Amino acid sequence: MSETTTKRMEDIVALCRRRGFIFQSSEIYGGINGFWDYGPNGVELKRNLKDAWWGDIVHGDATGPTGADVKVVGVDCTIIMNPKTWVASGHVGGFNDPMVDCKESKSRYRADHLVCLGVKGDTSGQIFVCVDGDDDSTAKARKKLDKYLKRTVADEEIDTCPFADLSAEERAISVGPDAKEQGTLTEPRMFNLMFETHCGAIRDESSKAYLRPETAQGIFTNFNNIVDSSRVKIPFGIAQIGKAFRNEVTPRNFTFRSREFEQMELEFFIHPSEAEEWYAWWREQRYAWWKSIGLAGDNLILREHDRGELAHYAKEGAGTCDIEYRFPFTAPGFGELEGVAHRSDYDLRQHAEHCGKGDKMRYFDQQRNERYFPHVIEPSAGADRGTLALLCEAYTPDESRASKVYMKFHPRVAPVKAAIFPLVAKDGMPEVAEKLYKELRRKYAVDMDVKQSIGKRYARMDEAGTPYCFTIDGDSLTDHAVTVRERDTQSQERIAIDQVANFLADKIDGAPAAS
RNA sequence: GCGGGUGUAGCUCAGUGGUAGAGCGUCACGUUGCCAACGUGAAUGUCGGGCGUUCGAAUCGCCUCACCCGCUCCA
């Protein structure tokens, strides 16, 4: 990473603090790793992002690839759910045992279930790992061993030992049960990224509960409730915005990897035969959306996953992609903003199996006269990551300005849409400004500032990313017009004071997408 | 988890054992005539935190926390 990009992230963090976007959580006590607070400007920015998402997803008027209306309803589910939810979803699996991951096959194994095969007395060659007691896995390892030694190894030559006993050097020459390359197995480690708590006063195993690590499961567990109560018909979606928690090993990169974060998730339910076209459609839709709120150009990419990195349930599906942004701390690489995944019918099936109400999780399609588990296309976005991307994208150094930097937010997400200034605080100008301010603030987040020089007030608004300033001067009292100062160009034009609200409406809602 | 760096006012920093400072910003009053103007005045500090050494610690030692960077990791 170059020095300039390093410097820049520090500058962005400093501005976030200086202008009230983001603070460290509980800072007066020294902060806490992985938790961040939003200040007055930050909460407006993040809320604008979430409102834009909700407005476009839930209240949108899109037509899907099959010609169907894109019908979406919302939910707001609890953070603490019945712990069985997380057993069904796979989040609790092997939680009390050390686990080993394979970087090649993406499989996860219980460390105490893995054994190593080698030839007695031979310490130089590769070690082949298999799942203890699993005949297929053992046979596979034996075959790999034979191939490696270019001969058939007799049973009595075989030496075994627990995988957990291996040193780091030995792990480096080990080949995983489902791998071809050596050294793809991680060291055994306890693996539970869920925060735990207890319901009720008694703290024992039976009262244990988890803070949700994703919002999606609240949607899946309510699937039949919504089908029964909302008259929705496939294809349709269920959307949720809410907090999720992951006890990350290494929170890092400002708010990018936080332990408490907010997700904007949509689960879109479709007939299995239409998965491919809906997946492709959502992928393009979501990519275009991020562009529309101001993430332009080379910093935003859509990256289709390789087959190798797909989750097990997605292997046979239509695909998975990430929408990624080039953050200063990932440059020249990218960091994930949103994942769009075809999850097939994995989640609904899992819950059907675990909850014992299998039929309830299936959908009866009147038109097709068919009962089936719908497939799911899941666009899952991070609200905090999105907010951070907006901040990074907006940050624009400009040595020619008094502020040395300005925040180039799209008007739709800008925390403050406009500021109203009397040019000087006399001759009736403050009164006119006050009247305009009161009129506008009913509808928009606007600021009024009477004090100090006009240049200083413009500079402050540049740093907060306010796109427009309306200045009332001596002539305004007679010609009923104000000067609009535009943030990005610093240009000025004069418009009628009774057209200010229309001007803003046009800029905020009718503003063209970033090029 | 490993390694490197940083931590003094909102920001940039000075202060290397003896009364915590400067510039910018912020606020108040005055002045003002479109880009951090000017004058006068004011407020602002657990010197990241704790323990220790010392008559005395921002300064020395130990521990710890947080942030940034490079690895690792990211179900």
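Letters A, B, ... are given to chains in the order of the sequence lines, protein chains preceding strands, and every chain is numbered from 1. Keep in mind the model is a prediction, meaning the values are calculated, not measured.
- The side-chain heavy atoms of Y287(A) and L300(A), taken from C-beta on, include a pair separated by under 4.5 Å.
- Comparing C11(B), C67(B), C69(B) against the side chain of R17(A) picks out C11(B) as the nearest.
- Across G1(B) and A43(B), the matching C1' atoms stand 45 Å from one another, rounded to whole Å.
- Atom pair R252(A):CZ and G1(B):P shows a separation of 11 Å (rounding to whole Å applied).
- Contact check of residues 385-399 of chain A against RNA chain B (heavy atom, cut-off under 4.0 Å) returns no residues at all.
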Could you go through residues 431-439 of chain A and list every donor-acceptor pair under 3.5 Å that involves a side-chain atom there, pairing it with any protein atom two or more places apart or in another chain?
| unit_1 | atom_1 | unit_2 | atom_2 | d |
| --- | --- | --- | --- | --- |
| E434(A) | OE2 | K438(A) | NZ | 3.4 |

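- When the C1' atom is used for both C60(B) and G18(B), the distance is 15 Å, rounded to whole Å.
- Counting non-hydrogen atoms of neighbouring residues, nucleotides and ligands closer than 6.0 angstrom, the CZ atom of R441(A) reaches no more than 12 such neighbours.
- For U6(B), the paired base is A66(B) (Watson-Crick or G-U wobble, both distances below 3.5 Å).
- Under the side chain to side chain contact (heavy atoms under 4.5 Å, CB included) criterion, D345(A) pairs with R349(A), F373(A), H375(A), not counting sequence neighbours.
- Put simply, CG on D37(A) is 15 Å from P on A66(B), counting in whole angstrom units.
- Here U6(B) presents its P atom at 12 Å from CD of E10(A), a figure rounded to the nearest Å.
- Between U19(B) and C47(B), the distance separating the two P atoms is 15 Å to the nearest Å.
- Per the geometry, CG belonging to L185(A) stands 16 Å off C1' belonging to U72(B), to the nearest Å.
- One interatomic measurement links the two molecules: CZ of F256(A) to P of C73(B), which rounds to 16 Å at whole-angstrom precision.
- Around the NZ atom of K84(A), the shell of radius 6.0 Å holds no more than 12 heavy atoms that belong to other residues, nucleotides or ligands.
- Partner assigned to A22(B) is U12(B), using Watson-Crick or G-U wobble distances below 3.5 angstrom.
- Counting all heavy atoms, side chain and backbone alike, A389(A) lies closest to L295(A) at O-CD2, 3.8 Å.
- Rounded to a whole Å, the CD atom of E336(A) is 15 Å from the C1' atom of C73(B).
- Using a 4.0 Å heavy-atom cutoff across all strands shown, F421(A) reaches no nucleic acid atom at all.
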Show every donor-acceptor pair shorter than 3.5 Å between a side-chain atom in residues 28-45 of chain A and any protein atom, with sequence neighbours excluded, or say none if there are none.
| unit_1 | atom_1 | unit_2 | atom_2 | d |
| --- | --- | --- | --- | --- |
| W36(A) | NE1 | F254(A) | O | 3.2 |
| Y38(A) | OH | D384(A) | OD1 | 2.7 |
| N41(A) | ND2 | R19(A) | O | 2.8 |

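- With P as the reference atom, G52(B) and G15(B) are 29 Å apart, rounded to whole Å.
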Worksheet, complete the sentence: B/S/- along nucleotides 33-38 of chain B (protein heavy atoms under 4.0 Å) is BBBBB-
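- The distance between atom CD of E248(A) and atom P of A66(B), rounded to the nearest whole Å, is 15 Å.
- Screening residues 447-456 of chain A for salt bridge (charged side-chain N to carboxylate O under 4.0 Å, His left out), with sequence neighbours left out, gives D449(A)-R460(A).
- Rounded to whole Å, the separation between the P atoms of U12(B) and G17(B) comes to 26 Å.
- D11(A) has its CG atom 12 Å from the P atom of C69(B), to the nearest Å.
- With D462(A) as the fixed residue, the salt bridge (charged side-chain N to carboxylate O under 4.0 Å, His left out) test singles out one of R457(A), K408(A), R485(A), K404(A): R485(A).
- G20(A) comes within 4.0 angstrom of nothing in the nucleic acid, heavy atoms only.
- Here, A37(B) and G25(B) have their P atoms 7 Å apart, quoted to the whole Å.
- The partner of C38(B), taking Watson-Crick or G-U wobble pairs whose two distances both stay under 3.5 Å, is G30(B).
- For the OP1/OP2 pair of C69(B) and a distance below 4.0 Å, the side-chain nitrogens and oxygens of N253(A) include at least one atom meeting the criterion.
- The side chain of N33(A) places no N or O atom within less than 4.0 Å of a non-bridging phosphate oxygen (OP1 or OP2) of C65(B).
- Only the P atoms considered, A14(B) is 31 Å distant from C2(B), to the nearest whole Å.
- Nucleotide G56(B) has no partner under the Watson-Crick or G-U criteria, as no pair reaches both atom distances under 3.5 Å.
- When both distances must be under 3.5 Å, the Watson-Crick or G-U wobble mate of C71(B) is G1(B).
- Across the interface with RNA chain B, nearest-nucleotide mapping of E27(A) and K451(A) shows K451(A) to be the residue nearer the 5′ end.
- Under the side-chain hydrogen bond (donor to acceptor under 3.5 Å, both in side chains) rule, T215(A) has a single partner from E265(A), K243(A), E267(A), which is E265(A).
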Item to complete: Kindly indicate, with the supporting measurements, whether the criterion side chain to side chain donor-acceptor pair (under 3.5 Å) is fulfilled by T85(A) and Q217(A).
Response: CA-CA 7 Å; T85(A) 307; Q217(A) 298 307 325; over 6 Å; no
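- With both ends at atom C1', the span from G61(B) to C68(B) equals 26 Å, rounded to whole Å.
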